[in-house]
Asks: 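The structure that follows is given in the form of structure tokens.
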Amino acid sequence: MMSAGKTYVHAGRRRAIFRLNALGLGAVLGTGLGSGNAAAQAPAACALMPAATAGPFPLLAFLGTRAAVRRDIRESRPGVPLTLNIRLQNIDAGCAPIRNAAVYVWHCDRDGGYSGYSNGSNGDHRGGTFLRGIQMSDEQGQVSFTTIFPGWYPGRITHIHFQVYLRDAKGGRAAATSQLAFPDDVVRRVYATDAYPRGQNGTVRDIADDGLFSGDGRLQTATVSGSVASGLVAALNVGVSAGA
């Protein structure tokens, strides 16, 4: 017999899928969507995540496809292994975890190219879908992605884009759109390896020089553990205004 707890979880999932139909996500999320466990925890700070542009490479048409729903987004792209853990917190309800929210992440490859676009000197990747994916937050409000450490391109520090989708009541728009950064020392260690032939980013010194981040970027900078040799784990708390 199914327990009351399991019945509640399954009902919550069904309601979330129904709300996301307007995004074209309901049909592709379906059942069997696993977020995985977030092995590393971000600091306990709870604050509204500053907004940041989705940029010119969001490939929103990808959201309505079954291929988008996945934990491993590498598609054999080379680079230092990275596990990305994001924990959603409702700033309107005592920082409670936000369950059954769709989180979309995307970033460039080690050479600075984005899938789905022709990036000039960074390559023509039209038709590609690498380093993009969607997961649904679990009971702890967490999602986890298996990816690689991003590369860089002129004028920007190393970053990962993400969006959070809550419900149809948001008008089919993301409840949060922002970007994630990494500690400078981690970035330097990664780019010193042979896996990143472009080497260090000499066009932007630090997050303060990247005008697309808010203030000192503290809330948008992930906590990183692990090693370059065995793989890194990045964790970030994302505060969202989701209502009481």
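All values reported here derive from a predicted model rather than from experimental measurement. Along the sequence shown, the residues carry numbers beginning at 1.
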Asks: Should the ring pair Tyr114 and Phe57 be called parallel, tilted or perpendicular, given that the plane angle runs from 0 to 90° and is split at 30 and 60?
Replies: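 Judged by the thresholds at 30° and 60°, the geometry between Tyr114 and Phe57 is parallel.
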Asks: For residues Phe162 and Val224: do they belong to one hydrophobic cluster (side chain heavy atoms under 4.5 Å, members Ile, Leu, Val, Met, Phe, Trp, Tyr)?
Replies: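 Yes: a chain of side-chain contacts under 4.5 Å links Phe162 to Val224.
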Asks: Mind checking whether Asp206 and Ile157 have side chains closer than 4.5 Å, heavy atoms only?
Replies: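 They are not in side-chain contact.
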Asks: With a 3.5 Å distance limit and no angle check, can you tell me whether Asn90 reaches the backbone of Cys95 through a side-chain donor-acceptor pair?
Replies: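 Looks like no, no N/O pair under 3.5 Å.
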Asks: Are the side chain of Trp152 and the backbone N or O of Gly202 linked by a donor-acceptor pair below 3.5 Å?
Replies: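 No.
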Asks: Tell me if the CZ atom of Arg198 is crowded by more than 12 foreign heavy atoms within 6.0 Å.
Replies: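 More than 12 within 6.0 Å, yes.
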Asks: Please check if the side chain of Arg132 supplies one atom and the backbone of Leu63 the other of a donor-acceptor pair under 3.5 Å.
Replies: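 Looks like no, no N/O pair under 3.5 Å.
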Asks: Under 4.0 Å between a side-chain nitrogen and a carboxylate oxygen: does that hold for Arg99 and Asp138?
Replies: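 Not counted as a salt bridge, because no side-chain N and carboxylate O are separated by less than 4.0 Å.
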Asks: Hydrophobic cluster membership, with links at side-chain heavy-atom distances under 4.5 Å among I/L/V/M/F/W/Y: are Leu212 and Val164 in one?
Replies: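 No; Val164 is not reachable from Leu212 via cluster members.
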Asks: For the pair Tyr191 and Tyr196, name the ring-plane relationship: parallel under 30°, tilted 30 to 60°, perpendicular over 60°.
Replies: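 If you compare the ring of Tyr191 with that of Tyr196, the planes turn out tilted.
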Asks: Check whether NZ of the Lys or CZ of the Arg Arg71 lies under 6.0 Å from the centre of the six-membered ring of Phe145 and within 45 degrees of that ring's axis.
Replies: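 Relative to the ring axis of Phe145, which defines the angle, Arg71 lies outside at least one limit.
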Asks: Enter the distance from Phe182:CZ to Gln220:CD here, rounded to the nearest 0.5 Å.
Replies: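 With rounding to 0.5 Å, CZ (Phe182) is 12.5 Å from CD (Gln220).
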Asks: Would you check if Tyr165 and Ile134 make a side-chain contact, meaning some heavy-atom pair closer than 4.5 Å?
Replies: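 A side-chain contact under 4.5 Å is absent here.
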